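Working notes, structure below.
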2 protein chains.
Amino acid sequence: MADGGALPKAQITRRLILEAAASLFRQKGYAEVSLREIAQLAGVKTGSLYYHFESKESLVEEILTLGTQGAFEASRDAVAALGAAADPVDKLEAAFTAHARFLLEKEDFASANLKILPQVPPAIRERHVRQDREYATFVAAIIDEIADAGRLGPDVDRTLLRMLCFGALNWSISWFDPKGRSPSEIAAQLMILIRRGALASPS
Amino acid sequence: MADGGALPKAQITRRLILEAAASLFRQKGYAEVSLREIAQLAGVKTGSLYYHFESKESLVEEILTLGTQGAFEASRDAVAALGAAADPVDKLEAAFTAHARFLLEKEDFASANLKILPQVPPAIRERHVRQDREYATFVAAIIDEIADAGRLGPDVDRTLLRMLCFGALNWSISWFDPKGRSPSEIAAQLMILIRRGALASPS
DNA sequence: TAATCAAACTAACGACCGTTAGAATTTCTC
DNA sequence: GAGAAATTCTAACGGTCGTTAGTTTGATTA
């Protein structure tokens, strides 16, 4: 039967391998996970991996790309949905909420990315740090919007603020519990910190 | 010559091995680093490692302990130096500043700890998560002090606040640049966020 | 049903890993 | 300086790793 859609049988297996690998990489790290382990979780024999991927490195490279692009797109779409004229602080909230959501409740690509990017061979790492930089620039632009409107505290460093916020969110992959606070609540708490600080009355 | 101090020759080599291993673990991860690599950086042949350590696992275990204890003690001492009657917010600042300093400018044990704790064999990991928990409890008590004085914002979750702050600090090992902002400045920026938020005027 | 191609499997290779036994060397004691 | 103890090195082991060649199975077309 002529398949009209672009869904050859192999693409399904390919996806299964990617998801199995991302899940294991996220839990254990890059070198800690063997191709035999990935194949087993994907329900495939080890040698079969090489029908779909050139090497372990090319497999991890695709996972890294899926993670970065996914988080970036989720963030960008959420901000775009507000319209260009929206309050830039609301834009920041949309970006952080989408980031937390993609990181913690979607597939494992984004969390695997954060976990293994520093462990991956240097050549691959450098290539993907660029992609991360695009994402960083996007968020930096939102913070610039806030600053240009004169709404940033006088002693606040834009870059440092961005780093600390992303750190707070990204680190959550190491303590997040699906039965505890939701990704949205985590992002919301961060926004409270940004908008008013953690304290009640004056300084 | 009868050495009065407890510094046999071997302790020096032992320390060199620990520092070499911590440095490599911090950069690459646990399984990514071989004993041959560690030995070479320490200026020792591979087999000699086993005169000082029982196994790779016992070596990494000591590094984990040095990291956790070091950060905890640095934090605890800095808080204690303020006196028990000090402003609890100042205590928090002292704890975070000491944490950032130990993490970023002292030896690599603390940063190696954060990096490889999730990658290490489960038995070792569980043992050391307990040590981390003691440290977490210590900081949680300071935040409780702030809350009990009624100085925490009404919509602030104590646990979430602690997690986000430690995340912001801990993640800095992935972007910290000795030529950029100092550890103290990083902690100070976080405290600005906690005390007043990032924005200038009212909400 | 026979031929063709896609997809997955089997079995093995060389390289590197953590680890160990035993010899060589250095350092300390008398 | 001789002997003992502490420290380091040499050389190799079994096991696992990523990878590959060749074969088998499954699906597609005529």
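Remember, it's a predicted structure, so these values are computed and weren't measured experimentally. Numbered from 1 within each chain, the chains take letters A, B, ... in sequence-line order.
- Atoms CG (B/Leu49) and P (C/dG18) sit 10 Å apart, rounded to a whole Å.
- The separation between B/Arg14 atom CZ and D/dA6 atom P is 16 Å, rounded to whole Å.
- A straight line from OH of A/Tyr50 to C1' of C/dT10 spans 15 Å, rounded to a whole angstrom.
- B/Ser34 comes within 4.0 angstrom of the backbone, heavy atoms only, and of no base.
- Electrostatic pairing of A/Arg15 and A/Glu19 counts as a salt bridge here, judged by a charged N lying under 4.0 Å from a carboxylate O.
- The distance from atom NE2 of A/His52 to atom P of C/dA7 is 7 Å, rounded to the nearest whole Å.
- Because its NZ or CZ atom is both nearer than 6.0 Å to the ring centre of B/Tyr30 and within 45° of the ring axis, B/Lys56 counts as a cation-pi partner of that residue.
- In this structure, the nucleotide among C/dC17, C/dC9, D/dT19 sitting nearest to the side chain of A/Val44 is C/dC9.
- Between B/Arg181 and B/Glu185 a salt bridge is recorded (basic side-chain N to carboxylate O distance below 4.0 Å).
- The nucleotide whose nearest atom lies closest to any side-chain atom of A/Lys45 is, among C/dA8, C/dT10, D/dC9, C/dT10.
- In this structure, CG on A/Leu117 lies 12.5 Å from CD1 on A/Ile63, to the nearest 0.5 angstrom.
- The shortest distance between the side-chain N/O atoms of A/Ser48 and the OP1/OP2 oxygens of C/dC9 is below 4.0 Å.
- Counting to the nearest Å, the P atom of C/dC9 and the CG atom of A/Leu35 are 14 Å from each other.
- Spacing between atom CD of B/Glu37 and atom C1' of C/dG18 amounts to 14 Å, rounded to whole angstrom units.
- Dashed line: the shortest gap from a side-chain N or O of A/Lys56 to OP1 or OP2 of D/dG18 is under 4.0 Å.
- Distances were taken from every side-chain heavy atom of B/Thr46 (C-beta onward) to each of C/dT19, C/dA8, D/dT8; the shortest belongs to C/dT19.
- Classified by interplanar angle (parallel below 30°, tilted 30° to 60°, perpendicular above 60°), the ring pair A/Phe166/A/Tyr135 is perpendicular.
- Checking D/dC9, D/dA6, C/dT19 against every side-chain atom of B/Tyr51, the shortest atom distance belongs to D/dA6.
- Nucleotides of DNA chain C nearest to A/Arg36 and A/Gly43 differ in position, and the one nearer the 5' end is that of A/Gly43.
- Straight-line distance from the CD atom of B/Gln40 to the C1' atom of D/dC9: 15 Å, rounded to whole Å.
- In this entry the distance linking CZ of A/Phe53 with C1' of C/dA7 reads 14 Å, nearest Å.
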